[in-house]
Amino acid sequence: YRFKLYCFGIKSFVKTYGLGTGVGGISSLAAEHFGVKSISFHNYFLEQSINLGLFFVLFFSLWYWFILKSLFKISLSSSIELRYYTKSCFYALLIALVGSISPSSIIYELSYWIIIGFSISLLIYSTKSNDCNSLAWYNNSCINLRPHSKLNPSYWKVAKCHKSIN
């Protein structure tokens with residue numbers, strides 16, 4: 001049954017020349033086609049791709065890849081606490097790719113959106129934290145922002161992370 005539904009969805013995607021059927025479009029088209037009152041697509045990423053089109057697929061894929069890649073890099077080079085949270089979010093988002101086939105749609109799963117929100121907040125936190133190692137993933141090297149005065153306490157915190165640049 002799902003295979004026929006997925007094939008119908010892909011055919012509908014091709015008929016719209018990759019522009020998509022519109023929000024909720026594939027569910028209503030499939031319900032009419034199969035002669036039922038309502039239908040669940042049971043594959044969130046494929047459903048959204050068919051509904052919203054090729055541009056959405058590319059944008060969402062790049063955005064999702066950026067979050068996964070960033071979480072992975074932070075998990076390799078940050079404090080122990082930050083590593084724990086970033087690895088947890090990384091694995092949860094990675095598993096969500098496969099796990100989205102099981103429920104009718106993960107758009108209604110609050111836990112999925114909480115993980116996405118928590119992942120984004122970890123990315124923002126890691127760029128604003130004083131942990132030089134967590135900043136290194138973003139800029140490929142920490143920017144030397146130390147003040148001119150060596151009496152300023154923040155000089156010593158930053159100087160430990162950087163080689164002196166003259």
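Positions are given from 1, in the same order as the sequence printed here.
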Apply side-chain contact (heavy atoms from CB on, under 4.5 Å) to residues Leu19 and Phe13 and explain how you reach the verdict. CA-CA 7 Å; Leu19 296 176; Phe13 181 77; over 6 Å; no

Name the residue from Ile124, Leu68, Leu71 that meets the side-chain contact (heavy atoms from CB on, under 4.5 Å) definition with Ser119. Leu71

Taking all heavy atoms of Leu5 and all of Phe34, pick out the closest pair and write down the distance. CD1-CE1, 3.7 Å

Flag, side chain of Ser126 to backbone of Leu123, donor-acceptor distance under 3.5 Å: yes

So, Ser70 side chain and Ile67 main chain: donor-acceptor pair closer than 3.5 Å or not? no

Kindly indicate, with the supporting measurements, whether the criterion side-chain contact (heavy atoms from CB on, under 4.5 Å) is fulfilled by Leu122 and Thr86. CA-CA 7 Å; Leu122 283 172; Thr86 54; 4.0 Å; yes

Linking I/L/V/M/F/W/Y whenever any side-chain heavy atoms sit under 4.5 Å apart, do Tyr84 and Leu82 land together? yes

For Tyr91, does the OH atom have more than 12 heavy-atom neighbours from other residues, nucleotides or ligands under 6.0 Å away? no

For residues Leu94 and Phe45: do they belong to one hydrophobic cluster (side chain heavy atoms under 4.5 Å, members Ile, Leu, Val, Met, Phe, Trp, Tyr)? yes

Do you know which of Trp65, Phe66, Phe60 makes ring pair (Phe, Tyr, Trp, His ring centres under 6.0 Å) with Trp63? Phe60

Do you know the tightest heavy-atom contact between Ser75 and Lys87? CB-CG, 3.5 Å

ring-ring contact (aromatic ring centres under 6.0 Å, His included) partners for Phe55, two or more places apart: none

side-chain contact (heavy atoms from CB on, under 4.5 Å) between Phe8 and Leu29: does it pass, once the steps are laid out? CA-CA 9 Å; Phe8 175 75; Leu29 288 173; 4.1 Å; yes

Between Trp113 and Phe118, is there shared hydrophobic-cluster membership here, with clusters defined by ILVMFWY side-chain heavy atoms closer than 4.5 Å? yes

Is it the case that atom OH in Tyr64 sees more than 12 heavy atoms from other parts of the structure closer than 6.0 Å? yes

If you measure from NZ on Lys11 to CD1 on Ile50, what distance do you get to the nearest 0.5 Å? 12.0 Å

Applying the 4.5 Å side-chain criterion to the ILVMFWY set and letting contacts propagate, would Ile120 and Tyr125 be lumped into a single cluster? yes

Does atom CZ of Phe90 have more than 12 heavy-atom neighbours from other groups under 6.0 Å away? yes

